[in-house]
Every structure is written in structure tokens, then in C-alpha cells.
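First the proteins, then the strands, lettered A, B, ... as listed; each starts at 1. All figures in this text were calculated on a predicted structure; none of them were measured in a lab.
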Amino acid sequence: MSLSKLFEQKQKNICSIFLTAGYPNLEDTVRLVLELETAGVDLIELGIPFSDPLADGPTIQMSSQQALKNGMNIKLLFEQVELIREKSDIPIVLMGYVNPVLKFGMDEFLSRCKQLSIQGIIIPDIPLEEYTLNFQAAFEQYEIPFIFLITPNTKVERIRKIEALSNSFIYLVSTSATTGAAKGFNKEQLAGFEAVRELKIKAPLLVGFGIHDSQTFNTVCNYFNGAIIGSAFIRHLSNGGEVKHFVEGIKQPAIAS
Amino acid sequence: MNYTVDDKGYYGDFGGAFIPELLQPPVQELSEAFALIQKDEGFSERYKALLKDYVGRPSPLYFAKSLSAKYEAKIFLKREDLNHTGAHKINNTIGQILLAQQMNKKEIIAETGAGQHGVATATVCALMGIPCKVFMGEKDIARQAPNVARMKMLGAEVIPASSGSKTLKDATNEAIRYWINNPYSYYIIGSVVGPHPYPEMVAYFQSIISEEIKIQLKEKTGLESPDVIIACVGGGSNAAGAFYHFLDQDVELIIAEAEGHGLQSGKSAATTVLGSTGILHGSKTLLMQTNDGQVIEPHSISAGLDYPGIGPQISHLVQTNKATSVTIKDDEALKAGFMLTQTEGIIPALESAHAIAVLEKMSFKAKTVVINLSGRGDKDLQTYMQHL
């Protein structure tokens with residue numbers, strides 16, 4: 001299913017899960033994605049491991065390191081996505097740092113993404129300026145959406161520029177932190193959400209960083225279209241937990257407080 | 001050919017600012033503040049006054065008579081080793097702490113390899129009364145104990161980086177992560193690496209080295225410029241500073257890179273030979289990486305050169321053949337360190353010993369050569385003694 005179709009069908013409570021490809025074991029990617037789909041996850045973010053993930057906290061650093069040890073690389077990732085595509089058309093976006101993608105070759109990367117119906121690319125170390133300078137032409141040529149990140153500290157003028165360039169969802173970073181670092185949302189963060197909501201950004205917004213349970217999931221879903229859960233899911237896998245239990249835990253209704 | 005930065009933050013093909021969105025506001029703020037101070041005479045006066053009275057500049061340009069006789073050239077040593085704290089690193093930290101003060105920053109963070117930049121940062125933080133956190137690889141903490149002790153005595157908190165190779169690369173990762181989580185802190189990068197405007201800014205504060213070389217050489221020889229300048233390169237800050245005012249002149253620029261155990265050994269840090277274009281720590285530059293684009297863990301006997309990349313300007317200089325790279329093995333650097341000590345009575349830092357070792361590899365007959373002696377060897381005595 002295309003992402004635009006997903007956003008047509010569902011405007012609220014979109015549940016997106018991030019997992020590092022090739023973690024915990026090299027061959028787990030396909031199984032985990034299919035199980036996540038069965039458990040009712042709407043969108044998959046597949047992480048391409050990198051040796052120096054400087055926007056990530058310890059959990060995703062650890063999963064990246066393990067995936068690299070397992071032998072994960074972009075070529076294998078595309079082979080795994082091919083296997084997923086034999087059984088599922090769940091929307092998938094790829095997330096990774098710019099260096100491995102550049103080394104693989106941006107054109108070939110985007111061309112493979114197109115073939116495998118990848119719905120977008122998140123590269124946290126390509127900001128707006130470098131995107132327009134170096135990469136926009138290629139993304140447009142292959143019609144692959146580049147997914148921008150914004151934060152509560154991003155200036156409105158900059159958000160408007162990003163909004164104008166976006167042709168998919170925008171990833172709202174909930175907090176000034178690397179992944180996995182935040183505990184719950186404080187008043188300041190909620191005020192930040194409110195301020196972003198009031199901008200009435202045309203693109204759908206999914207919130208990431210700091211979403212780890214049904215409470216945080218439901219909180220951000222009150223403001224925006226959905227949320228992305230990463231570190232909490234990786235931790236669950238590391239502890240040997242089942243996919244189904246994790247997704248159920250996230251999607252259960254908020255407990256009134 | 002233009003060797004300076006363009007308005008997009010690039011040196012030819014290299015540079016840029018590949019930063020997460022969370023770092024966009026502080027980097028933007030820094031760019032604006034840096035642009036302001038370059039036109040601010042008051043800032044320049046404060047900077048120069050501290051360099052003179054606190055750092056002890058100008059550092060001498062010393063004619064090394066015995067060394068010159070040995071290698072049949074006119075060899076001058078730019079004595080950055082005589083600066084307060086023992087290396088060129090303090091030129092940059094003085095500049096950046098004044099900038100941080102101007103920006104009203106309340107906390108300083110830094111990464112360090114050999115500990116020289118960490119000590120230089122801890123020093124200026126003690127001077128200005130600003131709290132300081134220094135990130136340092138666990139492996140470097142073990143091999144640079146004297147500098148760790150100095151940082152602690154200066155009141156800095158030394159935070160071990162235990163990921164990856166546990167050296168400078170990982171210390172830099174940890175510093176950037178801390179900065180992402182605390183965007184109001186001021187990050188003093190120690191080399192000409194990182195996102196724009198850091199490479200430009202650090203080179204700017206280090207350019208005092210070539211500014212002085214120019215004046216001193218003229219006084220001593222009547223020459224406008226030397227034939228050759230040699231500097232070691234980890235990230236490249238002492239080289240960038242020593243080359244700065246000679247980039248538009250006909251001077252042979254040589255960078256000494258750490259070859260480690262040898263180019264084919266898998267234990268090397270010779271980036272311009274082993275590297276290819278990549279992106280690390282916010283800039284596009286030459287980088288040691290696998291075919292999958294994973295960063296290779298480098299090796300050098302010298303902690304300050306133990307880094308898998310080089311600054312974007314240095315990459316540009318090498319790519320356009322303005323500068324030439326000479327690679328120096330661990331044992332060649334050690335040998336050069338002992339040689340300089342016994343010939344001139346100067347114990348160089350292992351980093352700077354790489355620059356000295358170039359004399360053994362190339363002939364500079366009758367030429368005027370300036371070697372940037374970037375630091376002193378006190379911190380490396382333990383390593384030297386193991387090879388006595």
C-alpha cells in the first residue's frame with residue numbers, strides 16, 4: 001500500500017515501528033516486519049545500520065553495532081525487502097545515515113527503492129540545505145519522497161520551507177534529544193506540540209523520539225497523525241519479547257489519569 | 001584555484017554541514033556569531049592580548065642549526081610546543097572561548113584525542129570560569145594519563161567514550177550526542193573538522209601560526225615565504241594554521257599522515273591514501289571506510305592522529321595537488337622523536353614527530369623548510385620510554 005493511501009484511510013493513531021535491519025539476527029528482518037504487520041502496525045521504518053550513528057542513543061547504537069557484526073549491509077537489506085514484498089505490501093520507509101547510502105550510490109539506492117515500492121527515505125544527517133544543494137534532483141527523478149525532520153525548536157520560516165518541499169509525512173522530533181533518551185513528556189514539550197499543531201502543516205505529522213508506551217503514544221496521537229516507536233521496540237526485542245505483545249501494549253487505549 | 005570556503009560551506013567538493021535537524025539552531029547561531037566577530041576589532045584585540053600575555057605568543061621560529069646540517073637544508077621549527085599547555089591547540093580554544101562568552105554560553109563541551117585539545121579547553125574554561133565537559137576515548141584515557149590528570153586538576157569533567165574504537169572518532173560522536181541533547185551548550189571542536197563553520201573557524205583561529213611565520217621568516221631571512229612547510233595531520237588544525245597565509249603562494253605544502261603499522265596492515269590512519277569521499281561528523285571529506293560505507297577504526301601510535309578522516313579543506317588541498325601527503329609509520333615517528341631530541345634538545349609530541357620524520361623521506365637540499373612543531377612530547381614520555 002502506498003503511504004498516501006494510508007494517510008487517506010487513516011488520519012489518526014498511525015502506528016509506525018522502527019527496527020534496525022539485521023537485528024537481533026541477520027535473517028530476522030523479514031519475519032519481524034511480517035509479524036509487525038500482522039500485529040496491526042501501519043508503517044515500517046527499516047534502519048540501515050551505521051558504524052557512527054550520532055543522532056542515536058545507546059539502544060539503537062547497540063542494535064546497529066550488532067547488525068553490522070551480523071553482516072548487514074544495504075545490498076542485503078534490499079534482498080530482504082524483496083522477500084517481504086513477496087508476502088506483504090505494508091508501507092516501508094528506510095532510515096539511515098548518509099555515508100553508507102552515498103557509498104552504495106545514491107542513484108542505484110533510489111532506483112532499488114523505486115523497484116521495491118519503498119515509500120520514503122529518512123536520512124537524519126541530510127538537513128534541508130544539503131538536500132536542496134546535493135540530493136533533491138535525484139529524489140525527484142526517482143519519485144521517492146525525502147522525509148524531513150523538524151523539531152519544536154525549528155523556526156517557523158524553516159518549517160514552511162520544509163513543508164513546501166515535502167511530498168510525504170514530516171517526522172516531528174518530540175524532544176531535543178538523541179533517540180531513546182526521553183522519559184515522558186513534560187509541559188514544555190506539550191507546549192511545543194501545541195505550537196506545531198497550530199501551524200496547521202499540510203503534510204501528515206508523525207512524532208518520533210520518546211514514544212515508548214501506550215501513554216506516550218496516545219499523548220502524541222492527540223496532537224498529530226501518529227507516532228514512531230524505535231528504541232522501546234529494540235529494547236523489547238533485546239529482552240526476547242514477542243512482537244505481538246509489544247504492539248498490543250502500545251495500542252491499548254490510554255488509561256485515564 | 002580557490003582554497004577558501006565558499007558561501008555554502010564547501011572547499012571544492014568537500015565540507016558542508018551534514019547535521020541532524022536538532023543541531024541546526026545552534027550551528028546557525030554559531031555561524032552568525034562567527035561572522036560578527038570577524039569584523040569586530042574589539043574581539044580581535046581581546047584575542048591577540050590573550051595570545052600574547054597568556055599563551056606566550058609569538059611562538060619562536062627557531063633556526064635548527066644541527067638539524068639543518070644533518071639534512072642539508074635551512075630548517076626552521078615553528079615552536080608551537082612552547083605555547084601554554086604545550087601545543088597549538090590553545091590558539092583555537094582561546095578564540096572559541098571568547099566567542100562562547102560573547103554568545104553568553106554557560107557550558108562548554110569538547111572532544112579530545114591526545115588530550116591536548118582537552119587540556120587547552122579545560123584551561124580556557126578555568127580561565128573564564130565556565131564549566132567544562134571533555135569527551136575522551138577510553139583507549140586514549142589509558143595512554144594519555146598525564147593530560148587526563150591535568151584536565152581534572154583544571155576542573156573539567158572527563159567523560160570516557162566507550163563505543164567503537166574508543167578513540168578520537170568515538171569521543172567526537174559522544175560530544176555531538178551530548179550537544180544534540182543539550183543544544184544550549186557550546187561545543188569547542190578541536191580540529192578543522194565538523195560541520196561548517198567549524199573547519200573555517202578553527203583554521204581562522206589557528207592562522208596566527210602562519211601570520212607569525214611570515215613576519216619571523218622575513219626578519220630572519222628576508223624571504224617572503226619558505227620553499228616548504230611541513231605539518232602533521234590528524235584532523236588538520238595545525239596544518240591549516242601553518243598553511244593559511246601561504247595558500248596563494250608558491251610554497252610546497254606537505255602533510256605528514258600517520259601510517260601506523262603500514263598501509264596494508266589494517267592498522268593505519270593514512271586517510272588521503274586509504275580513504276575515499278564520505279561524510280562523518282558533519283562534513284563531506286576524505287574518510288577511511290569499508291565498501292559498505294562503514295567507518296574504519298584507525299590506528300596510530302599518536303592519539304592525536306588516530307582519526308579516520310581529515311578536515312575538508314585539507315582534503316581539498318590534497319585533491320587539487322596543492323598539498324602533498326607523506327605517510328609516516330609508527331616506528332619512523334618514534335625514531336624522528338628521538339632524533340630531534342638528541343639533535344636539538346627538543347622532545348616533540350608524537351604527532352609532531354611525524355612531521356619531523358618527513359626529513360628522512362624526502363630531500364630538501366638547500367631549501368628553506370618550516371616544520372610546524374605542533375606540540376611537546378611530555379605527554380608521550382611513557383610511549384617513548386617503551387621504545388628507548
Side-chain angles (χ1 to χ4, degrees), chain A residues 48-58 61-62 64-65 67-68 71-77 96-105 109 123-134 148-155 158-159 162 170-173 175-179 181-182 209, chain B residues 6-10 13 15-29 31 111 161-165 169-170 172-185 194-196 276-285 287-297 308-309:
Chain A
I48 304 165
F50 180 45
S51 54
D52 296 81
L54 48 77
D56 284 301
Q61 285 176 49
M62 177 279 298
S64 297
Q65 216 168 8
L68 290 176
M72 196 63 210
N73 61 32
I74 293 179
K75 188 168 167 281
L76 278 174
L77 171 63
Y97 291 82
V98 61
N99 198 56
V101 175
L102 273 194
K103 194 72 182 171
F104 185 82
F109 181 80
I123 303 182
D125 51 350
I126 297 184
L128 171 66
E129 292 76 9
E130 299 297 344
Y131 173 72
T132 49
L133 189 63
N134 298 306
F148 289 93
L149 287 85
I150 61 172
T151 83
N153 294 333
T154 308
K155 294 215 168 76
R158 186 177 173 85
I159 291 181
I162 286 170
I170 290 174
Y171 188 135
L172 173 63
V173 177
T175 167
S176 291
T178 49
T179 56
F209 290 48
Chain B
D6 69 18
D7 61 346
K8 305 258 192 296
Y10 279 79
D13 295 340
F18 292 85
I19 45 168
E21 191 61 27
L22 285 162
L23 286 183
Q24 199 278 330
V27 169
Q28 177 77 28
E29 186 195 4
S31 282
E111 85 296 336
S162 56
S163 58
S165 56
K169 166 179 85 90
D170 311 284
T172 309
N173 287 342
E174 288 307 326
I176 293 175
R177 285 189 188 111
Y178 184 89
W179 196 23
I180 290 173
N181 288 314
N182 302 274
Y184 300 107
S185 57
H196 177 68
S276 57
T277 300
I279 292 172
L280 181 68
H281 297 150
S283 62
K284 187 190 256 190
T285 192
L287 180 64
M288 287 171 40
Q289 54 183 321
T290 66
N291 290 333
D292 289 334
Q294 307 300 338
V295 181
I296 289 175
E297 295 179 0

Value rounded to 0.5 Å, distance of [atom1] in [X] from [atom2] in [Y]:
| X | Y | atom1 | atom2 | result |
| --- | --- | --- | --- | --- |
| Thr172(B) | Asp52(A) | OG1 | CG | 9.5 Å |
| Lys75(A) | Asn291(B) | NZ | CG | 12.0 Å |
| Glu129(A) | Gln24(B) | CD | CD | 5.5 Å |
| Asn134(A) | Phe18(B) | CG | CZ | 5.0 Å |

Contact class of [X] relative to chain A, heavy atoms under 4.5 angstrom:
| X | result |
| --- | --- |
| Ile296(B) | neither |
| Leu287(B) | side chain |
| Pro20(B) | both |
| Gln28(B) | neither |

Those residues that, when tested against Asn99(A), pass side-chain hydrogen bond (donor to acceptor under 3.5 Å, both in side chains) (two or more places apart): Gln289(B)
Nearest heavy atoms of [X] and [Y], plus distance in Å:
| X | Y | value |
| --- | --- | --- |
| Leu54(A) | Arg177(B) | O-CG, 3.1 Å |
| Thr151(A) | Glu21(B) | CG2-CG, 3.9 Å |
| Lys284(B) | Leu102(A) | CE-CD1, 4.4 Å |
| Glu130(A) | Ala17(B) | OE2-N, 2.7 Å |

Is it the backbone or the side chain of Pro49(A) that comes under 4.5 Å from a heavy atom of chain B, or both, or neither?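 Just its backbone gets close to chain B.
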Name the region of Leu133(A), side chain, backbone, both or neither, that has any atom closer than 4.5 Å to a heavy atom of chain B. side chain
With sequence neighbours left out, what residues match Gln294(B) under side-chain contact (heavy atoms from CB on, under 4.5 Å)? Phe50(A), Ser51(A), Leu68(A), Pro100(A), Thr290(B), Asp292(B)
